[in-house]
Amino acid sequence: MITQRIYEESGLFPSAINHVLINEYLPDQGIMPHQDGPAYFPVVAILSLGSPVVMDFIPHSRLRTCTDTWDNNDVKSEGSGEEPSEIETDKRMDNHHPFSVLLMPRSLLIFKDNAYSDYLHGIKDSEVHQYDEAINVAEPLVSHKFDQQLPEPGKAIQIVGNKDHKVIQRTAKRVSLTCRLVLKVQKKLFKF
Ligand SMILES: O=C(O)CCC(=O)C(=O)O
Ligand SMILES: [Fe+2]
């Protein structure tokens, strides 16, 4: 089973994956920025099928509260380990910039730790996604290779990219399998 393979090959989950959410998206549908919350172990594996999408990661608002000090790049010293100082707070914010990831069909995205706890993740409600800023921007250049292996070549993927303007057109549905580990499975819901 796919979850077993993800569990074994990633080595990132303390026990077998016990929760899979299947989402289906029409070409103009996304998901609003959110956090997956404390019910899950903080590692998420998302398998993507169908049209590609861009997933945006946005620093959580608690890390974006004083944007006026955002440009404070000359901070070099580490804090003393006591109360967080202003410098430490700035440094922490400096480490949290928005980023995005292009999710191609049959790709597996795994995110964890800070990406789980310090960022919201979401997908725009748009048929066209820009991936210029995606951290894996080079990937679609090789994607045509596996595009040909799909049952309907070219149906799911349309990359309208050139070197200045990198966008994907979502021409088909996208189905994702979000695989997680629920830490405490309540066996008896009602205890008297
Ligand atoms: O469909 C996706 O890629 C993301 C789904 C998601 O973030 C969720 O179900 O919590
Ligand atoms: Fe999520």
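Order of appearance sets the numbers: ligands from 1, and atoms from 1 within every ligand. Source: prediction; values computed, not measured. Positions are given from 1, in the same order as the sequence printed here.
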Subject >> Over 12 foreign heavy atoms within 6.0 Å of CD, Q35 >> reply: yes

Subject >> atom 8 (C) of ligand 1 - nearest protein heavy atom and its distance >> reply: H34 NE2, 3.7 Å

Subject >> Closest contact, heavy atoms only, D125 versus I31 >> reply: OD1-N, 4.4 Å

Subject >> Identified ring pair (Phe, Tyr, Trp, His ring centres under 6.0 Å) partner of F111 from the options Y40, Y119, F57 >> reply: F57

Original post:
Any chain of hydrophobic side-chain contacts (each under 4.5 Å) joining I17 to I22?
Top reply: yes

**OP:** Go through ligand 1 atom by atom and flag the ones less than 4.0 Å from a non-hydrogen atom of N23.
**Re:** 1 (O), 5 (C), 9 (O)

**OP:** Over all heavy atoms of both residues, which pair between R170 and S126 is shortest? Give the atoms and the distance, please.
**Re:** NH1-O, 2.9 Å

Original post:
What are the atoms of ligand 1, with element, lying closer than 4.0 Å to any heavy atom of M55?
Top reply: 2 (C), 3 (O), 4 (C)

Subject >> Transitive ILVMFWY side-chain link L177 to L26, under 4.5 Å >> reply: no

Original post:
Does the S176 side chain pair with the main chain of S48, one donor and one acceptor, at a distance under 3.5 Å?
Top reply: no

**OP:** Over all heavy atoms of both residues, which pair between H96 and P59 is shortest? Give the atoms and the distance, please.
**Re:** O-CG, 3.1 Å

Original post:
Are the side chain of S100 and the backbone N or O of D56 linked by a donor-acceptor pair below 3.5 Å?
Top reply: no

Original post:
Under 4.0 Å from any heavy atom of H121, which atoms of ligand 1 are there?
Top reply: 7 (O)

Original post:
Which ligand 1 atoms are under 4.0 Å away from a heavy-atom of I46?
Top reply: 3 (O), 4 (C)

**OP:** Heavy atoms only: give me the nearest D132-K166 pair and the separation to one decimal.
**Re:** OD1-O, 3.0 Å

**OP:** May I ask you to list the atoms of ligand 1 that are less than 4.0 angstrom from any heavy atom of R180?
**Re:** 10 (O)

**OP:** Looking only at non-hydrogen atoms, find the nearest pair between L120 and H60 and report the distance.
**Re:** CD2-CD2, 3.8 Å

Original post:
Please state which protein non-hydrogen atom is closest to atom 3 (O) of ligand 1 and give its distance, to 0.1 Å?
Top reply: R174 NH2, 2.9 Å

**OP:** Indicate, as side chain, backbone, both or neither, the part of D36 found under 4.0 angstrom from ligand 1 when only non-hydrogen atoms are considered.
**Re:** side chain

Original post:
For the Fe ion (ligand 2), which protein N/O/S atoms are closer than 2.8 Å?
Top reply: H34 NE2, D36 OD1, H121 NE2

Original post:
Are L103 and L21 in one and the same hydrophobic cluster, where Ile, Leu, Val, Met, Phe, Trp and Tyr link if side-chain heavy atoms are under 4.5 Å apart?
Top reply: no

**OP:** Tell me, please: is E24 in heavy-atom contact with ligand 1, that is, under 4.0 Å?
**Re:** no

Original post:
Which ligand 1 atoms does S176 reach within 4.0 Å, using its non-hydrogen atoms?
Top reply: 1 (O), 2 (C), 3 (O)

Subject >> Close-contact set for ligand 1 against L21 heavy atoms, below 4.0 Å >> reply: 9 (O)

Original post:
Relative to the heavy atoms of Y25, which atoms of ligand 1 are at a distance of less than 4.0 Å?
Top reply: 1 (O), 2 (C), 4 (C), 5 (C)

